[in-house]
2 protein chains.
Amino acid sequence: MNQLFVIDKSSPLPIYYQIEESIKRQIEEGELHPHDVLPSEREYAELLEISRMTVRQAINNLVNAGYLYRQKGRGTYVAEKKLEQQLLGLTSFTEEMKARGMMPSSKLLSLELIPANEKIANQLHVTTNTLIYEIIRIRLADNMPMALETAYMSADLLKGLTAEILNHSIYQYVEKHIGLKIGYAKQSFESTIASEVEMASLSIAKHSPILLIQRTTYLEDGRPLEFVKSSYRADRYTFTCTINRH
Amino acid sequence: MNQLFVIDKSSPLPIYYQIEESIKRQIEEGELHPHDVLPSEREYAELLEISRMTVRQAINNLVNAGYLYRQKGRGTYVAEKKLEQQLLGLTSFTEEMKARGMMPSSKLLSLELIPANEKIANQLHVTTNTLIYEIIRIRLADNMPMALETAYMSADLLKGLTAEILNHSIYQYVEKHIGLKIGYAKQSFESTIASEVEMASLSIAKHSPILLIQRTTYLEDGRPLEFVKSSYRADRYTFTCTINRH
DNA sequence: GAGTGGTCTAGACCACCCC
DNA sequence: GGGTGGTCTAGACCACTCC
């Protein structure tokens, strides 16, 4: 018989959220194992003395997040655990390196307001020659050069950007201080050979392979926030992500 | 004033689904523009003579899919359009090349049942030496070699795999004929230099850059379906994907 | 204060699965 | 037939935004 949990109806936390956290905890602590059947939605509702729709809201979220799966007419089951990449959604360089247990830092080569050329203007949905930030940095992890990065950011959205702000996570700055919500990013991956500039910046040899990642980050409302071109040292960096079907 | 649409309560299609499709159509046909306010949930409910919860179910799905965004106390808005990559979720080589307007094909080099070594067994969640399929193929688009690919698939899940089946989309085979649901994939990207085998298979020169993609595909219930290592010609292939925050 | 999305209730009927 | 998830109803109160 499944051990149940308790919820606090007087808590400011929504009930569906408390259920989500409790089920996640049960999975993580091994009280629920992969492919175990969960109590039915009606059981949860009766035992916790709440409505079935509230239970469904919690379970829907966990299904979308990949913790559970449902089978029509049969029941709701625990999915096999996702690995560490569970951690990764869309992350900035700073967040990602911290997650890998490395200390991220940057060497700022240039921070300027420049008029957007056609390609950049197109990526950021502004008109050509609109002023935007261009930020060129060498990205380091544990003080080793990892990537040469050029970022273009909308000056409209990020008024008064300073070198100081750039030293911390720009995503967290946008979310916590400006109050905008980051939604998603379109990202492309190519393999190339190091150029002269990259050889010098990253202290690598001629013909070294480079992982070229181009990313456009969008806010929740679909407005582009930044366009970034990053050249990663292939010997030190592998990019990992999780992609959902449909 | 917003033009409204009609729904058919006697249709076998769920009402929330009809609403989703109608709103998507209005966005795609330009009746609704980015950052337009939608009618409120209560308005939809009253005008369509349905319950507000049903309206919410439709809008929730569209928010999750990135078509709309909400602001507490203000309203629901149309997001700026995602580009073509909207098409791409998790796709197979076959599906992806078709989406790019190219004709995919394969040259099967080898199809065998082999005992899993430790690395593969770990990826596929089976014990070492369990028999699994090893499939080595050259992947072509419009008859040009694009990648050298080695796939390992669980023989438990894919009993009786044949060269014939491999000529079509394996994902669609799994979903339509075996009836399993594909959930997500963990994918990694590295840049390398072509090996002797890759040079020969892909007819490329020494020192050519290669985009090495490794993917483990999981079913909805979390069971691993396949582990694939693909070496793409960097001059012909750029991988693109969309990643969501959180 | 009026309107909005966020949360929640206590029911209902359906299609599907298993016995 | 009894249980499950899938869909849907007609209300309710809350916190938030805007005027």
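Throughout, a chain's letter reflects where its sequence line sits, starting with A, and its residues are numbered from 1.
The Glu41(B) side chain lies nearest to dG5(C) when the options are dG5(D), dT9(C), dG5(C). Closest to the Ser51(A) side chain, of the nucleotides dA12(C), dG5(C), dA10(C), is dA10(C). Checking dG5(D), dT9(C), dT7(C) against the side-chain heavy atoms of Ile50(A) singles out dT9(C) as nearest. Of the candidates dT9(D), dG5(D), dG6(C), the closest approach to any side-chain atom of Thr76(A) belongs to dG5(D). The side chain of Ser40(A) lies closest to dT4(D), out of dT7(C), dT4(D), dT9(D). Distances were taken from every side-chain heavy atom of Glu43(B) (C-beta onward) to each of dC18(C), dT4(C), dT9(D); the shortest belongs to dT4(C).
Between Leu68(A) atom CG and dG5(D) atom P there is a gap of 11 Å when expressed in whole angstrom units. Rounded to whole Å, atom C1' of dT7(D) lies 12 Å from atom CD1 of Ile19(B). Counting to the nearest Å, the P atom of dG5(C) and the CE atom of Met53(B) are 14 Å from each other. In this structure, CG of Leu48(B) is placed 10 Å from P of dT9(D), rounded to the nearest angstrom. In this entry the distance linking CD1 of Ile7(B) with C1' of dT9(D) reads 13 Å, nearest Å. Rounding to whole angstrom units, NZ of residue Lys181(B) and P of dG5(D) are separated by 13 Å. One interatomic measurement links the two molecules: CD of Gln71(B) to C1' of dG3(C), which rounds to 15 Å at whole-angstrom precision. Summarising the geometry, the separation between CD on Glu20(A) and P on dC8(C) is reported as 11 Å, rounded to the nearest angstrom.
Phosphate contact (OP1/OP2 of dG6(D), side-chain N/O of Arg70(A), threshold under 4.0 Å): present. Taking only side-chain nitrogens and oxygens, Tyr16(B) never comes nearer than 4.0 Å to OP1 or OP2 of dC8(D). Contact annotation: Thr54(B) does not reach the phosphate of dT7(D) (side-chain N/O to OP1 or OP2, under 4.0 Å). Distances shorter than 4.0 Å separate some side-chain N or O of Arg74(A) from OP1 or OP2 on dC18(C). OP1 or OP2 of dT7(C) sits under 4.0 Å from a side-chain N or O of Gln57(A).
Inter-residue side-chain proximity for Arg223(A) and Leu180(A) is flagged as met; some heavy-atom pair is nearer than 4.5 Å.
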Take Arg42(B) and Val55(B), measure what side-chain contact (heavy atoms from CB on, under 4.5 Å) needs, and give me the verdict at the end.
CA-CA 8 Å; Arg42(B) 287 170 182 82; Val55(B) 175; over 6 Å; no
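A parallel orientation is assigned to the rings of Tyr152(A) and Phe227(A), their planes being inclined by less than 30° (bins at 30° and 60°). Taking the six-membered ring where the residue is Trp, Phe239(A) and Phe189(B) present tilted rings, their angle falling between 30° and 60°.
Contact between Arg70(A) and Glu220(B) at its shortest, heavy atoms only, is O-OE1, 4.4 Å.
Taking 3.5 Å as the limit, the base of dG5(C) and the side chain of Arg42(B) contain a donor-acceptor pair of atoms between them.
Within the nucleic acid shown, Ile59(B) has no heavy atom closer than 4.0 Å to any nucleic acid atom.
Between the side chain of Lys24(B) and the main chain of Tyr67(B), no donor-acceptor pair closer than 3.5 Å is present.
In terms of position along DNA chain C, the nucleotide closest to Ile15(A) lies nearer the 5' end than the nucleotide closest to the other residue of the pair Arg52(A) and Ile15(A).
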